[in-house]
Amino acid sequence: MSQYLDSVMETVIKRNAGEAEFHQAVKEVLETIAPVLEKRPEFVKAKIVDRIVEPERQIVFRVPWVDDNGDVQVNRGFRVQFNSAIGPYKGGIRLHPSVYLGIIKFLGFEQIFKNALTTTPIGGGKGGSDFDPKGKSDREVMSFCQSFMNEMFRHVGPDTDVPAGDIGTGAREIGYMFGQYKRLTNTFTGVLTGKGLTWGGSLARKEATGFGLVYYATRMLQDAGTDWNGKKVVISGSGNVAIYANQKATSLGAKVIAMSDSNGYIVDEAGINLDVIKDIKEVRRARIKEYADIVPGSQYVEGCRGIWSVPCDVALPCATQNELNGEEAAILVSNGCKFLAEGANMPSTPEAIATLQGNGVAFGPAKAANAGGVSTSSLEMTQNSIRLSWTFDEVDQKLHGIMNAIYDQCTAAAEAYGEKGNLAAGANIAGFLKVAEAMLAQGVV
Ligand code: NDP
Ligand code: 2IT
């Protein structure tokens with residue numbers, strides 16, 4: 001890193017004390033953009049980097065709600081509006097007990113560059129709460145979501161900030177939040193994405209992140225002269241992203257042999273039966289352990305991190321941040337894994353990325369590879385604006401085109417800045433350039 005970037009990084013660490021995930025995400029980007037700043041001194045003069053690492057606005061609020069015993073519960077809510085240079089803030093809402101400001105800021109920061117890569121006009125933001133939806137009744141989840149929106153409604157809007165799903169936030173939660181926003185504002189607008197299909201949602205949004213991940217990884221395979229046919233694939237997680245990554249990869253001839261949740265993982269060498277997973281996870285909100293009781297020949301292993309010891313050709317981490325460390329990456333390498341594309345946000349530690357890239361594993365970075373979800377959210381916003389709904393195939397084709405365009409941007413930027421073949425550097429550079437140009441044009445704001 002240059003001296004200038006080092007000093008920006010120092011300020012970020014000082015100003016955002018204790019927010020390790022945010023520091024990690026910023027460092028990963030700053031380490032790759034030095035060649036851009038050398039070519040474009042006007043970005044340095046305008047302090048674009050100093051400004052881009054500072055959120056435009058951070059909202060932290062109390063979320064009180066009443067549980068089924070009649071007891072009052074209090075959670076903390078967050079919305080970080082990170083950057084609006086190229087469009088309204090856009091990004092999901094994470095509901096998980098681990099959530100604190102540092103996680104929301106890392107996610108919001110990543111979202112700036114990811115959204116820039118989508119080719120659509122959306123800025124970067126993220127929100128969430130330390131509320132844990134696991135084990136809660138529908139009524140408790142509704143009570144929480146309504147209370148969350150009672151504060152958030154004054155900060156969001158279809159041209160201002162458009163939240164969506166993330167870990168712990170799916171169709172049910174988006175529904176409760178949308179209903180409360182509509183009631184509070186007396187407007188029916190596209191203020192959230194991931195909506196139900198009868199009230200403004202887009203076909204293929206549910207599938208989009210997983211499908212998009214596989215479209216992106218398809219290009220990685222093609223560049224290595226191969227395809228999905230017969231490839232053994234390991235996918236961590238068994239939520240929205242993991243399920244639809246499995247569906248698309250399987251449809252293209254791959255065999256997905258392992259999936260996980262936060263308790264453990266299952267291995268099914270015959271190829272995972274996705275109907276069983278969907279029933280366990282989407283319908284019954286149960287644990288993946290049950291798969292081994294239902295499907296003969298499969299096994300369940302306690303502890304989610306062991307999944308990386310299952311030999312595979314392609315690994316798709318689709319659960320959460322830092323779920324793959326350097327040692328686990330070394331195990332993947334020694335077992336012959338040749339491709340890794342990130343479905344989750346920042347699932348690989350810096351050591352893991354270095355180990356993969358250093359051993360010739362093709363590495364697809366999250367902010368490019370998982371951008372299909374937010375891209376399709378952007379397509380949902382477009383459909384809401386023109387008051388029309390496209391067919392599944394129309395949306396899927398647009399998504400596919402966007403993922404190809406993202407891949408092309410990554411490879412072109414990497415080559416133009418002396419990092420040929422480095423998709424992570426390419427994604428950061430291409431995303432940064434788009435936002436930096438817009439910030440420069442709009443003056444010091
Ligand atoms: P879901 O809530 O649908 O599923 C999350 C999955 O990851 C579950 O299997 C969950 O297991 C597991 N998981 C979550 N937290 C942990 C943890 N701390 N340790 C181990 N496993 C964990 O979320 P999504 O599928 O939507 O999100 C998965 C990842 O993809 C996240 O990183 C998210 O930010 C990212 N992403 C999501 C997009 C979307 O459109 N939904 C778009 C782009 C990225 P369990 O059920 O046991 O908690
Ligand atoms: O990390 C992400 O890109 C998401 N959770 C999706 C965000 C969105 O606005 O669809």
Side-chain angles (χ1 to χ4, degrees), residues 60-79 92-100 103-104 107 126-153 156 163-185 191-201 205-206 209 237-244 259-264 266 274-291 293-294 300 302 304 318-320 373:
V60 183
F61 50 99
R62 180 170 70 199
V63 189
W65 56 280
V66 178
D67 70 18
D68 285 348
N69 296 322
D71 291 330
V72 175
Q73 301 286 340
V74 180
N75 286 102
R76 182 170 282 185
F78 303 90
R79 188 73 189 164
I93 294 174
R94 178 173 293 192
L95 301 181
H96 193 272
S98 62
V99 163
Y100 76 108
I103 285 188
I104 300 302
L107 291 163
K126 201 84 187 191
S129 173
D130 56 4
F131 174 77
D132 186 358
K134 241 181 249 150
K136 303 287 191 301
S137 69
D138 286 351
R139 197 212 58 79
E140 288 176 319
V141 170
M142 180 174 74
S143 175
F144 168 83
C145 289
Q146 290 179 340
S147 180
F148 188 84
M149 190 50 96
N150 282 347
E151 174 58 35
M152 199 172 61
F153 87 98
V156 299
D166 194 81
I167 291 177
T169 305
R172 174 181 61 170
E173 292 73 19
I174 293 293
Y176 293 145
M177 288 183 196
F178 182 82
Q180 189 70 354
Y181 182 87
K182 186 165 65 67
R183 186 171 192 200
L184 289 166
T185 62
V191 64
L192 292 156
T193 59
K195 298 186 290 300
L197 297 177
T198 56
W199 41 280
R205 173 61 187 90
K206 183 176 68 174
T209 312
S238 48
N240 175 263
V241 180
I243 286 175
Y244 293 95
M259 291 181 84
S260 60
D261 63 19
S262 58
N263 294 116
I266 50 146
L274 200 55
D275 290 338
V276 174
I277 294 283
K278 283 183 179 174
D279 181 57
I280 295 172
K281 288 292 168 184
E282 292 187 333
V283 181
R284 295 191 285 115
R285 298 180 191 275
R287 309 310 299 162
I288 206 165
K289 187 177 201 275
E290 289 185 21
Y291 185 93
D293 302 330
I294 300 168
Y300 173 75
E302 195 70 26
C304 57
C318 295
T320 194

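- Here Asp71 pairs with Asp67, Asn69, Gln73 under the side chain to side chain contact (heavy atoms under 4.5 Å, CB included) rule; sequence neighbours left out.
- In terms of modelled atom types and a separation under 3.5 Å, the side chain of Lys289 and the main chain of Gly264 share no donor-acceptor contact.
- With sequence neighbours left out, the side-chain hydrogen bond (donor to acceptor under 3.5 Å, both in side chains) criterion links Thr193 to Lys90, Ser377.
- With sequence neighbours excluded, the residues satisfying salt bridge (Lys or Arg N to Asp or Glu O under 4.0 Å) with Asp279 are Arg284.
- When all heavy atoms of Gly128 and Phe148 are compared, the closest pair comes out as O-CE1, 3.4 Å.
- Scanning for salt bridge (Lys or Arg N to Asp or Glu O under 4.0 Å) contacts around Asp130 gives an empty result, with sequence neighbours left out.
- The main-chain N or O of Ser143 is never found under 3.5 Å from a side-chain atom of Ser147 such that the two would form a donor-acceptor pair.
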* Asked: Can you check side chain to side chain contact (heavy atoms under 4.5 Å, CB included) on Cys145 and Trp65, steps first, answer last?
  -> CA-CA 9 Å; Cys145 289; Trp65 56 280; over 6 Å; no
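- A search for salt bridge (Lys or Arg N to Asp or Glu O under 4.0 Å) contacts involving Glu151 returns Arg154, not counting sequence neighbours.
- Here the side chains of Val63 and Val74 are not in contact, with every heavy-atom distance at 4.5 Å or above.
- No side-chain donor-acceptor contact under 3.5 Å links Arg94 to the backbone of Thr169.
- Looking only at side-chain heavy atoms (C-beta outward), Pro163 and Met152 come within less than 4.5 Å of each other.
- Contact record, Thr209 with Asn240: OG1-OD1, 4.4 Å, taken as the closest heavy-atom pair.
- Leu192 CG to Ile93 CD1: the interatomic distance, rounded to the nearest 0.5 Å, is 6.0 Å.
- Among all heavy-atom pairs drawn from Ser262 and Cys304, the shortest one is O-SG, 3.7 Å.
- Screening residues 171-183 for salt bridge (charged side-chain N to carboxylate O under 4.0 Å, His left out) gives Asp138-Arg172 as the qualifying pairs, with residues at least two apart or on separate chains.
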* Asked: Asp261 and Lys281: side chain to side chain contact (heavy atoms under 4.5 Å, CB included), yes or no, with the steps?
  -> CA-CA 10 Å; Asp261 63 19; Lys281 288 292 168 184; 2.9 Å; yes
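- For the residue pair Gln180/Asn150, the side-chain donor-acceptor check at 3.5 Å is satisfied.
- Put simply, the side chain of Ser238 gets close to the backbone of Ser260: a donor and an acceptor are under 3.5 Å apart.
- Lys136 forms a cation-pi arrangement with Phe131, by the criterion of a distance under 6.0 Å to the ring centre and an angle within 45° of the ring axis.
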